[in-house]
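Side chains are part of it too, since the values below use all heavy atoms of this structure and drop only hydrogens, waters and symmetry mates. All values derive from a computational prediction rather than experimental measurement.
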Amino acid sequence: YHALQAIRRDFRVWNDVVLVNGDLRIDVSVQGRRKTVYSRYLQVWRRGPQDWQMASWQSTPLPAPGQAGT
């Protein structure tokens with residue numbers, strides 16, 4: 001990974017749980033070749049006894065902007 005850029009981010013809070021979802025631009029090297037990929041994610045945080053803890057992360061690739069399906 002060379003860089004991560006948040007394109008969009010939304011938060012929903014329910015008591016001791018926060019859902020964060022958004023889109024990312026990721027600059028990465030794969031098998032020696034640099035490329036940019038886009039991803040949509042859902043992240044779950046819960047308030048623990050000491051502090052907030054990430055409970056789950058799920059992401060899926062998105063087509064690059066300007067490609068079909070966006």
Side-chain angles (χ1 to χ4, degrees):
Y1 291 93
H2 301 286
L4 297 170
Q5 177 188 9
I7 299 170
R8 179 186 64 79
R9 186 179 302 155
D10 297 309
F11 299 87
R12 290 173 284 168
V13 180
W14 287 299
N15 300 317
D16 291 341
V17 175
V18 177
L19 302 179
V20 184
N21 62 291
D23 297 340
L24 293 172
R25 174 190 160 136
I26 305 166
D27 294 318
V28 64
S29 288
V30 178
Q31 296 180 344
R33 295 184 57 199
R34 197 157 177 165
K35 63 189 279 185
T36 299
V37 295
Y38 294 85
S39 179
R40 178 160 293 152
Y41 68 91
L42 171 63
Q43 186 178 34
V44 180
W45 289 84
R46 65 176 287 275
R47 189 188 318 264
Q50 305 276 327
D51 207 349
W52 287 94
Q53 301 170 326
M54 186 171 65
S56 182
W57 171 274
Q58 183 276 327
S59 65
T60 189
L62 292 173
Q67 290 186 354
T70 58

Notebook entry, point to check: Hey, does the side chain of Ser39 reach the backbone of Thr60 with a donor-acceptor pair shorter than 3.5 angstrom?
Noted result: yes

Note to self: I want to check something: taking the side chain as every heavy atom from C-beta on, are Arg40 and Ser59 in contact at a cut-off of under 4.5 Å?
What the structure shows: no

Notebook entry, point to check: Is Arg47 atom CZ crowded by more than 12 heavy atoms from other residues, nucleotides or ligands, each under 6.0 Å away?
Noted result: yes

Check: For the atom pair CD (Gln43) and OG (Ser56), what is the distance rounded to the nearest 0.5 Å?
Finding: 9.0 Å

Next item on the list: In sequence, state the C-alpha distance, the side-chain angles, and the governing distance for Ile26 and Thr36, and then conclude on side chain to side chain contact (heavy atoms under 4.5 Å, CB included).
Entry: CA-CA 6 Å; Ile26 305 166; Thr36 299; over 6 Å; no

Next item on the list: Evaluate the side-chain proximity of Val28 to Lys35: yes if any heavy-atom separation is below 4.5 Å, no if none is.
Entry: yes

Next item on the list: Group every Ile, Leu, Val, Met, Phe, Trp and Tyr by side-chain heavy-atom contacts under 4.5 Å, then state whether Tyr38 and Val20 land in the same group.
Entry: no

Next item on the list: Spell out, yes or no, whether Trp57 and Leu62 are grouped together once hydrophobic residues are joined by side-chain heavy atoms under 4.5 Å, including indirect joins.
Entry: no

Margin query: Tell me whether Val13 shares a hydrophobic cluster with Met54, the cluster being built from Ile, Leu, Val, Met, Phe, Trp, Tyr side chains joined at under 4.5 Å.
Written below: yes

Next item on the list: Identify whether the distance between the nearest side-chain nitrogen and carboxylate oxygen of Arg25 and Asp27 falls below 4.0 Å.
Entry: yes

Margin query: Do Tyr1 and Val37 land in one hydrophobic cluster if side-chain heavy atoms of ILVMFWY residues count as linked below 4.5 Å?
Written below: yes

Next item on the list: Compare all side-chain heavy atoms of Leu19 with those of Trp45 and state whether any distance is below 4.5 angstrom.
Entry: no

Notebook entry, point to check: Could you give the distance from CG (Leu24) to CZ (Arg8), rounded to the nearest 0.5 Å?
Noted result: 10.0 Å

Checklist line | Contact check, side chains of Asn21 and Arg12, non-hydrogen atoms, under 4.5 Å | finding: yes

Check: Under 4.0 Å between a Lys/Arg side-chain N and an Asp/Glu carboxylate O for Asp16 and Arg46?
Finding: no

Next item on the list: Identify the two heavy atoms, one from Gln53 and one from Gly48, that lie closest to each other, and give their separation to 0.1 Å.
Entry: OE1-CA, 4.0 Å

Notebook entry, point to check: Quick one: do Tyr41 and Ile7 end up in the same hydrophobic cluster if we chain Ile, Leu, Val, Met, Phe, Trp and Tyr together by side-chain heavy atoms under 4.5 Å apart?
Noted result: no

